[in-house]
Each structure stands twice: as C-alpha cells, then as structure tokens.
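Whatever order the structure lists ligands and atoms in, that order sets their numbers, starting from 1.
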Amino acid sequence: MTQPSSPPPAICDYEGSTYRTDFWEGKGREYEDAVERLVLRRFLPRRGKRYADFGAGFGRLIDEAAGFDEVVVVDYSRTMLQEAQARLGRAERFIYVAADLYKLPFAADAFDAALLCRVVHHLADAPAALRQIRQCMASGSIFVLEFANKLNLKAILRYALGRQAWSPYSLAPHEFVRLNFNFHPAYIRQALVAAGFTPRRRVATSWLRLGLLKRLLPLRLMVALDRILQPLGSLLPYAPQIFVESQVCGAPSALVPREQLFKCPLTGAPLRREGDLLVSAEGNPRWAIRDGIYDLKEPLA
Ligand SMILES: C[S@@+](CC[C@H](N)C(=O)[O-])C[C@H]1O[C@@H](n2cnc3c(N)ncnc32)[C@H](O)[C@@H]1O
C-alpha cells in the first residue's frame, strides 16, 4: 500500500514584496551589507564558469560573482526576479529562473559555485532544500550558506536570565515568526553533511549589530572590527549570523553546457528550448520563458 505523501512545505512568498525598499535602501543596514560582502570575498572563488544565487531576491549580492562567466539568478518570486533583471540587465551571462528550492530544475553538474544568503531562515524544511542544491552542484564546487544563528550571545544571555523560554542550545530550528527560523550551528552542519557537502570553513558575522553601536561608531570602523572578529566563528559561533563554506568533494567535474542546464522539476527529464518554451522529449509538462525569465515554478496548462 502506498503511503499518503506529506504536503509540501509552506513557502515564504515574496511575490509583490517591497523587500528592497522596506529592508535595505535607506534602512541603516550598510554594516550588515558590507560584512556579508566581506565574507563572500573570503569564501567565493574569484573566477568560475557558472554561479547560482539561490533565493537571490532583487540581486543585491550578484556583483560579488563578477568573475563568473554565467550567473544564474534563482528566486521563487517572479517580481523579485523582475527587479533583479531591471537592476542587472539582460546580458547573456545572466540567466533568470523562477523556481522553488524544494523542486529545483537544474541538471547535475550545473554549477561550480553557489550562494544561499538570507534564505534558509525562511525554509521549513532546510535539509530538503540543501539536498536539492547539492544535486545540481559539480564535484569540487563551492557552496556558501548563510544562516541566522539561534546560539547567539543575546539569546544565551536572555535564556540564562530566565527572560526567554526557548533554549539556544537545543538543535531544533526555532521559528520566532511564522516561516522565520533561527538555526543551531550544529544542526546546519549536520544538514550540510547529510546532503553531501563537506563543510570546510565557518565565520560569524554581524557581531556589532546594535543600534547604539551603529550610532556611535563610524561604518568603516564597524566593518573593520567585524572583519577581525569573523574568524572567531570557527570556534565561538555566538554572533547572530553565520556563514559556512562547503565543498562537494571530488576532482572538479566539467559543467553541463548551457543548452542542457534545465531539467523538469516534476519528472526530472532533461528540458530543451523550443522558441519561448522549455520542453522534454515526452512533450508535457511544458514551461514558459517570459520576458527573459525562465518560469519553472508552474507548468503551462
Ligand atoms: C530575505 S530575501 C533574501 C534575498 C537575497 N538572497 C539577499 O540576501 O538580499 C529571501 C528570498 O528567498 C526567496 N525564497 C523564499 N523561499 C523560497 C523557495 N522555496 N524557493 C526559492 N526562493 C525562495 C524569496 O522569494 C526572497 O527573495
């Protein structure tokens, strides 16, 4: 007897969201943006063939992949991708893809580097998404993952003083607002290993994320101090934000050519382009390419 399949995880849908103007532009987060870029410069290869930014949003961090021949901008939200496209343009090297991290539409050996930044905290089933990402990464590839850390100094202190009910030491993700999770560093490490990644380096960031410090200290000093503190994350991961650099072990494998980049997210069959469609040998399901965005979220009726 077949078991009833469990419902797919709920998705934190950014369709129509004003994330860029609500969260970043003019919102006093220059420090957070700058320290994230520092980490990417530490962890990402300087050059490569094909890079994926999973959950790229409006493409805030895409310029950190300037040394890659092709850059695949992936997001669940079509409007986020439209914003990314308006900012970055329609150059051949950018490939915009609407897709769900739980059903990624990429062939094996699609990428030699990838990023997941400020996304995993929205995932109710982070291990499932990490498995999907691993399946399209080539041997020898580098994957950089950022997560919100439940084992941070503020949570540890509040818990010790009895001002917080949930334990920062327990491994289970803590959902502080619906579809917003903090993770324990050991949980993320286990999930990465279970997905087939080899975590190699870890840094902790945003140590100085306090309104008072932002008012008192110049941005350059805050960023310089964070840079010095980041390596502490390998032994003392107590900052609110952690980045892990992982590798897919093995000798570097050749990437699939661009014409073979996509697979059907429902059947796994290879997809080929026919005009403004992506189709498989079986014909159905078919997927649309609209205004330069590959729409692999929902098939055409
Ligand atoms: C907080 S934004 C981060 C954007 C970008 N990575 C950054 O750091 O600026 C989270 C992004 O994750 C995307 N996202 C959330 N769940 C997703 C899913 N299941 N599949 C693909 N993208 C998803 C959202 O659409 C949104 O653009």
Problem set entry | Heavy atom of the protein closest to atom 3 (C) of ligand 1 (residue, atom name, distance) | Arg118 O, 3.5 Å
Exercise. Can Arg20 and Glu25 be said to form a salt bridge (Lys or Arg N to Asp or Glu O under 4.0 Å), step by step?
Worked result: CA-CA 6 Å; Arg20 179 170 55 87; Glu25 286 181 8; 2.9 Å; yes
For this session: Report yes if some N/O of Leu123 lies less than 3.5 Å from some N/O of ligand 1; otherwise report no.
Result: no
Exercise. To which protein heavy atom is atom 20 (N) of ligand 1 closest, and what is the distance rounded to 0.1 Å?
Worked result: Leu101 N, 2.9 Å
For this session: Among Ile242, Leu225, Val39, find the one that has a side chain to side chain contact (heavy atoms under 4.5 Å, CB included) with Gln230.
Result: Val39
Seminar exercise, completed: for atom 8 (O) of ligand 1, nearest protein heavy atom and its distance come out as Arg60 NH2, 2.9 Å
Problem set entry | Heavy-atom side-chain contact between Glu64 and Glu36 under 4.5 Å | no
Exercise. Taking only heavy atoms of Ala99, which atoms of ligand 1 are found under 4.0 Å from at least one of them?
Worked result: 20 (N), 21 (C)
Problem set entry | Ring centres under 6.0 angstrom apart (Phe111, Tyr51) | no
Exercise. So, Asp276 and Arg290, do they make that salt bridge, N to O below 4.0 Å?
Worked result: no
Exercise. Hey, is ligand 1 close enough to Tyr102 that some N/O pair sits below 3.5 Å?
Worked result: no
For this session: Measure the distance from atom 25 (O) of ligand 1 to every protein heavy atom, then report the residue, atom name and distance (to 0.1 Å) of the closest one.
Result: Asp75 OD1, 2.5 Å
For this session: Classify the contact between Tyr19 and ligand 1 as side chain, backbone, both or neither, using a heavy-atom distance cut-off of under 4.0 Å.
Result: side chain
Exercise. Does the side chain of Asp69 reach to within under 4.5 Å of the side chain of Arg93, using non-hydrogen atoms?
Worked result: no
For this session: Return the minimal non-hydrogen interatomic distance between Ile293 and Ala98, and the atom names on each side.
Result: CG2-N, 4.2 Å
Problem set entry | Sub-6.0 Å ring centroid separation between His122 and Tyr14 | yes
Problem set entry | Stepwise side chain to side chain contact (heavy atoms under 4.5 Å, CB included) test for Glu70 and Ile95 | CA-CA 7 Å; Glu70 292 178 353; Ile95 304 170; 4.2 Å; yes
Problem set entry | Ligand-side contact atoms (ligand 1) for residue partner Asp100, heavy atom cut-off under 4.0 Å | 18 (C), 19 (N), 20 (N)
Exercise. Between Arg273 and Tyr294, do the side chains contain an N or O donor and an N or O acceptor separated by less than 3.5 Å?
Worked result: yes
Exercise. Should the proximity of Ser17 to ligand 1, defined as any heavy atom under 4.0 Å, be assigned to the side chain, the backbone, both, or neither?
Worked result: neither
Exercise. Which of the numbered atoms in ligand 1 are below 4.0 angstrom from a heavy atom of Gly57?
Worked result: 4 (C), 27 (O)
For this session: Name the closest protein heavy atom to atom 17 (C) of ligand 1, giving the residue it belongs to and the distance to 0.1 Å.
Result: Tyr76 CB, 4.0 Å
Exercise. Evaluating non-hydrogen atoms only, which member of Ala98, Gly55, Cys12 is closest to atom 5 (C) of ligand 1?
Worked result: Gly55
For this session: Give yes if a backbone or side-chain nitrogen or oxygen of Ile11 is under 3.5 Å from a nitrogen or oxygen of ligand 1, and no if not.
Result: no
Exercise. Of the protein's non-hydrogen atoms, which lies at the shortest distance from atom 14 (N) of ligand 1, and what is that distance?
Worked result: Val119 CG1, 4.2 Å
